[in-house]
Protein chains: 2
Amino acid sequence: MVAQRGEGDEVVTTTPGTSAAQAAPVVPEQDEVVVRERARAIPEAAVARLAVYLRVLSGMVDQGVTTISSEELSAAAGVNSAKLRKDLSYVGSYGTRGVGYDVEVLVSHIERILGLTRKHSVAVVGIGNLGHALANYGGFQSRGFPVAALFDVDEDLTGVPVGGIPVNHIDDITTVCVEREVSIGVIATPPQAAQAVCDRLVSAGVQCILNFAPVVLQVPDDVEVRKVDLAVEMQILSFHVARRADEASAEQAANDLINGVGVDRVVIRP
Amino acid sequence: MVAQRGEGDEVVTTTPGTSAAQAAPVVPEQDEVVVRERARAIPEAAVARLAVYLRVLSGMVDQGVTTISSEELSAAAGVNSAKLRKDLSYVGSYGTRGVGYDVEVLVSHIERILGLTRKHSVAVVGIGNLGHALANYGGFQSRGFPVAALFDVDEDLTGVPVGGIPVNHIDDITTVCVEREVSIGVIATPPQAAQAVCDRLVSAGVQCILNFAPVVLQVPDDVEVRKVDLAVEMQILSFHVARRADEASAEQAANDLINGVGVDRVVIRP
DNA sequence: CCGACTTTGTGCATACCTTCACAAGCGGTA
DNA sequence: TACCGCTTGTGAAGGTATGCACAAAGTCGG
């Protein structure tokens, strides 16, 4: 038997003695089994949108909507309807042609794919302004992400409850995280402390990290990091402000330039 | 003179009487000038990374580093070095072959491209937990995004200073934004209020919005919206937790399955 | 001044994502 | 039952972003 590539779930074995040279980028070592996951086939961009669809659909449920077409849902989610259908096709074919999607069915399938059938305990590290806001933010709890622990380096904060949860000292991070089965760590510390905190979270077995500190975290391959960087967001917006300004001045300049050349107006094309 | 397509900045005119049918997706109307912008050529993804490079470079300046190679900078920013060089090439060719980039030169050019040579006043709407945190967050100020105004619907908050800035009532949003030349609006309100606030910001002339509320905002084409959705971030992480769990159980199952079939171990391939 | 060495900038191939367009499938209707 | 209109699901095309690999271009030591 020879290892091969294919679609969907598969279990492929290379038996001892078979030394088939592979054209594939990664040559499997001998005597190992290669398992490919269908889950991995969902593009990252689609996952992010699925979360958005889920939120919109939750609102639909509250409104008593039972069925929705891709056209309606895509409009509500602010995306192209073809993209929406493709995204949903990663989840499975749960629509009815000529009718649309059953809202509740869709919700439960997206929740399954996103792993929301299970609760994910969250630990927030760094109880400053942002940490406070996060600890008090009801959105985590209500969406199945209970905040299970808070940490700070400041001993004066230790034991003080924030949002109903007492703050632990950061030195207890490993014990507490293991004990409370924390699966997601949120870093809301100053940048200088972020890498050290991250290392401690990782050694406590946390494999997913949401980082608010403006630093690039170094982590092992098996740890997933997502970052939220307000300064970067602002700078991206700044870029667009500048672009607009450039266009405006270009338009102005062009208008000046061509004054009386027989052209009526100037249009900026993207 | 006939309209044409080309690279870089150009000013192309269609003179009256010339009815050149264009193959271009958008046919220019007669008697108009088409101006194309080089700035638009920078991909969004590259802009986001440029902001990261800028932060890393700022740290380098503080450390007294004067020159840096693409290899070093890319490692510090957590990206591929070829990608970094390509990103920098959008900014211009300011490196020296065999040596690297002058840190300060690079900083000033990236700042120019990102439009950071000009200050961008920020208004924060919704002074709840998150709004407080944002108002007190020093990162805005220090990076050239002074918080110029705060707004809330709660009259008890009106006049109360938060982070040194008195809160205005939301009804004054247009006047105050125009007066203080706000170019970026930050929405930190509950979801129900977000669209209304957005509309008011837009009518006040704000063209860039950073939205923390978990809703899809509807805006005119000439307004740029970026969203930060914590629940979505958490759900993406949840997806990865689930994927890991699936892989672990698949590995387990595969190991069980092949017990004694002459295979030594199981490897999960991405 | 020259040659060896280093690093940039970029053409090209690849992979990924998006969008179009349409066949297939389903419910409603006569 | 047979048709009709509507909507899904997806093959294929097009576009965008990524990563490799290397020529071009500069520095530095002798």
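Labels below follow one simple rule: chain letters A, B, ... track the order of the sequence lines, proteins then strands, and each chain is numbered from 1. Small disclaimer: the values here were computed from a predicted structure and weren't measured.
Under the 4.5 Å side-chain criterion, counting only non-hydrogen atoms from C-beta, S70(A) is in contact with Y101(A). Here the side chains of P220(B) and V223(B) are in contact, with some heavy-atom distance below 4.5 Å.
Evaluation of atom-type donor-acceptor distances gives a pair under 3.5 Å for the side chain of K86(B) against the base of dG19(D).
Residues from residues 48-72 of chain B placing a heavy atom under 4.0 Å of any atom in DNA chain D, listed by number, are R49(B). In the region residues 93-113 of chain A, proximity to DNA chain D at under 4.0 angstrom, judged on heavy atoms, holds for S93(A), Y94(A), G95(A), T96(A), R97(A), G98(A), V99(A), G100(A), Y101(A).
At distances below 3.5 Å, not a single donor-acceptor pair connects side-chain atoms of R226(B) with backbone N or O atoms of L237(A).
Look at CG on D87(A): it is 16 Å from P on dC16(C), rounded to the nearest Å. Spacing between atom CD of E44(B) and atom P of dC17(C) amounts to 17 Å, rounded to whole angstrom units. Following rounding to the nearest Å, I42(B) (CD1) and dT16(D) (P) show an atom-to-atom distance of 15 Å. As rounded to whole Å, 16 Å separates atom P of dT7(C) from atom CG of L88(B). Taking atom CZ of residue R85(A) and atom C1' of nucleotide dA24(C), one finds them 13 Å apart after rounding to whole Å. Summarising the geometry, the separation between CG on L84(B) and C1' on dT18(D) is reported as 13 Å, rounded to the nearest angstrom. Protein atom OH of Y90(B) is 7 Å distant from nucleotide atom C1' of dA17(D), rounded to whole Å. The distance between atom CG of L73(A) and atom C1' of dG9(D), rounded to the nearest whole Å, is 15 Å.
When all heavy atoms of V91(B) and H109(B) are compared, the pair lying nearest together is CG1-CB, 3.7 Å.
Of the N and O atoms on the side chains of D102(A) and Y94(A), not one donor lies less than 3.5 Å from an acceptor on the other residue. Of the N and O atoms on the side chains of H240(B) and E44(A), at least one donor lies less than 3.5 Å from an acceptor on the other residue. Side-chain polar atoms of S69(A) and E72(A) form a donor-acceptor pair below 3.5 angstrom.
Closest to the side chain of N80(A), from the set dC22(D), dT19(C), dT18(D), is dT19(C).
Interatomic distance, CD of Q195(B) versus CG of D199(B), reported as 4.5 Å (0.5 Å rounding). The distance from the CD atom of Q207(B) to the CZ atom of R243(A) is 10.0 Å, given to the nearest 0.5 Å.
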